[in-house]
Amino acid sequence: MIPVNEPLIAKNAQKYVLNCIKTGWVSSAGEYIGKFEKNFADFLGVKYATTTTNGTAALHLAIAAFGIGKGDEVILPNLTIISCALAVVYTGATPVLVDGVEDSGNIDPTKIEEKITKRTKAIMVVHLYGHPADMDPILSLAKKYKLAVIEDAAEAHGAEYKGKKVGYIGDVGCFSFYANKIVTTGEGGMVVTNNEKLYEKVKLLKDLAHSSKRRFLHEEIGFNYRMTNLQAALGLAQLEEIETYIQKKRWMAKLYTNGLKHIPNIELPGEQSWAKSVYWVYTLKVKKQSPITKDSVRKKLASLGVDTRDFFYPLHQQPALRRLGLFKKEEYPVSTDLSKRGFYIPSGLALTEKQIRIVIDAVKKAATA
Ligand SMILES: Cc1ncc(COP(=O)(O)O)c(C=O)c1O
């Protein structure tokens with residue numbers, strides 16, 4: 001089976017991780033945490049970056065740091081991982097959904113304003129599958145209604161919107177370093193911002209909110225969302241190779257696009273003129289009104305030894321969220337349809353050209369009615 005996402009472990013990973021073990025710096029103190037944070041901030045061109053246990057925690061911290069909670073609303077796209085909605089729910093606030101755009105599935109900026117109420121405090125933007133969302137109209141809405149903009153760049157390390165790296169275009173950016181991400185720490189995350197106060201608040205909250213007056217005195221509810229030095233050591237080594245990784249993703253996408261562009265029943269991912277996608281994964285959609293279904297194509301691909309993954313399930317249909325009384329009678333036709341038609345093919349950094357050719361041939365066979 002060609003796996004859908006196999007990580008590539010960087011040259012210096014062993015050396016750095018072993019160094020933590022040899023020196024005993026294995027918890028959340030140690031030199032690699034600061035180095036990883038600094039280098040990640042420098043890579044993006046942002047002032048502040050702080051590590052977290054994972055991307056879900058990063059999103060939770062970002063929302064909590066704005067003081068968002070019960071009675072508040074946060075706007076987010078319908079087609080995304082449940083982490084985005086969970087992070088809102090954890091704070092006691094209410095997630096409010098917006099449908100996606102046809103091409104990338106990212107939040108549709110033209111459908112945001114109708115969802116803004118007196119309770120809205122923030123817009124969470126997700127740069128889905130490596131392609132940036134259209135930020136300018138979102139930033140103007142945020143300015144007009146005085147809302148915070150939280151970017152979820154978990155899947156878009158190094159992706160660019162009008163020449164700017166995503167993650168610090170809004171007020172705060174959140175990243176995941178799960179094993180399938182471009183930079184990985186196994187499990188891990190990062191919050192980045194240019195806002196010093198927000199950064200200090202995130203750092204406070206992620207470390208149990210020890211009072212500045214006295215350690216072990218706590219004036220507010222914090223969390224333990226600290227990354228370990230071991231994870232940061234791996235992250236630092238991965239980050240040293242990020243440019244090569246991004247180039248590899250784009251090379252992979254080019255090979256796939258050239259190999260698959262003439263298949264009648266399949267739609268390929270696009271790249272907007274204002275965007276640099278990092279093609280975190282290479283997405284395919286079965287065309288509307290096509291004689292084949294996504295399930296039949298994925299089944300055939302599995303029988304040919306090619307692993308695939310479904311698009312996210314729309315948030316408004318998630319039983320765990322509906323049980324909270326959310327999203328009843330709401331409809332999101334574009335994202336629901338994309339979720340039905342979309343899946344992705346092997347896209348890991350360890351993928352070889354030979355494997356890509358095998359996948360292309362398999363998709364040709366599987367997508368033929
Ligand atoms: C868009 C997006 N946001 C958030 C997350 C959550 O990150 P983590 O798995 O590190 O908690 C993920 C997935 O990993 C993701 O793909």
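Start at 1 and go down the list; that is how both ligands and their atoms are numbered.
Annotation: cation-pi pair Lys35/Tyr32 present, NZ/CZ under 6.0 Å from the ring centroid and within 45° of its normal.
The protein non-hydrogen atom at the shortest distance from atom 8 (P) of ligand 1 is Gly55 N, 3.4 Å. The nearest protein atom to atom 9 (O) of ligand 1, hydrogens excluded, is given as Ser176 OG, 4.0 Å; this is a heavy-atom distance.
Where the criterion is an N or O separation shorter than 3.5 Å, residue side chain and backbone included, Tyr178 fails it with respect to ligand 1. Considering backbone and side-chain N/O of Thr56, one or more are found under 3.5 Å from N/O of ligand 1.
In this structure, Trp280 is not a member of the same hydrophobic cluster as Leu284, with clusters built from ILVMFWY side-chain heavy atoms closer than 4.5 Å.
The closest non-hydrogen atom to atom 12 (C) of ligand 1, taken over Leu128, Ile81, Leu86, comes from Ile81. Compare Met190, His127, Lys181, Glu187 by their heavy atoms: the one nearest to atom 13 (C) of ligand 1 is in Lys181. For atom 1 (C) of ligand 1, the nearest non-hydrogen atom from the set Val281, Thr185, Thr52, Asp152 belongs to Asp152.
Of the residues listed (Lys162, Lys164, Glu151), the one engaging Met135 in a side-chain contact (heavy atoms from CB on, under 4.5 Å) is Glu151, and it is the only one. Applying the ring pair (Phe, Tyr, Trp, His ring centres under 6.0 Å) test between Tyr282 and each of Tyr256, Tyr344, Phe343 identifies Tyr256 as the sole match. A side-chain contact (heavy atoms from CB on, under 4.5 Å) with Ile75 is found for one member of Lys111, Met124, Lys115, Lys121 and no other, namely Lys115.
In summary, the atoms of ligand 1 found under 4.0 Å from a heavy atom of Asn54, numbered by their order in the structure, are 10 (O), 11 (O). Applying the 4.0 Å criterion to heavy atoms of Glu155 picks out, from ligand 1, the atoms 1 (C), 15 (C), 16 (O). Counting the atoms of ligand 1 from 1 in the order shown, those under 4.0 Å from a heavy atom of Val126 are 1 (C).
Ion pair Glu220/Lys201 flagged as a salt bridge, since at least one NZ, NE, NH1 or NH2 atom sits closer than 4.0 Å to an Asp/Glu carboxylate oxygen.
Looking at Glu241 and Thr244, their side chains never bring a donor and an acceptor atom within 3.5 Å of each other.
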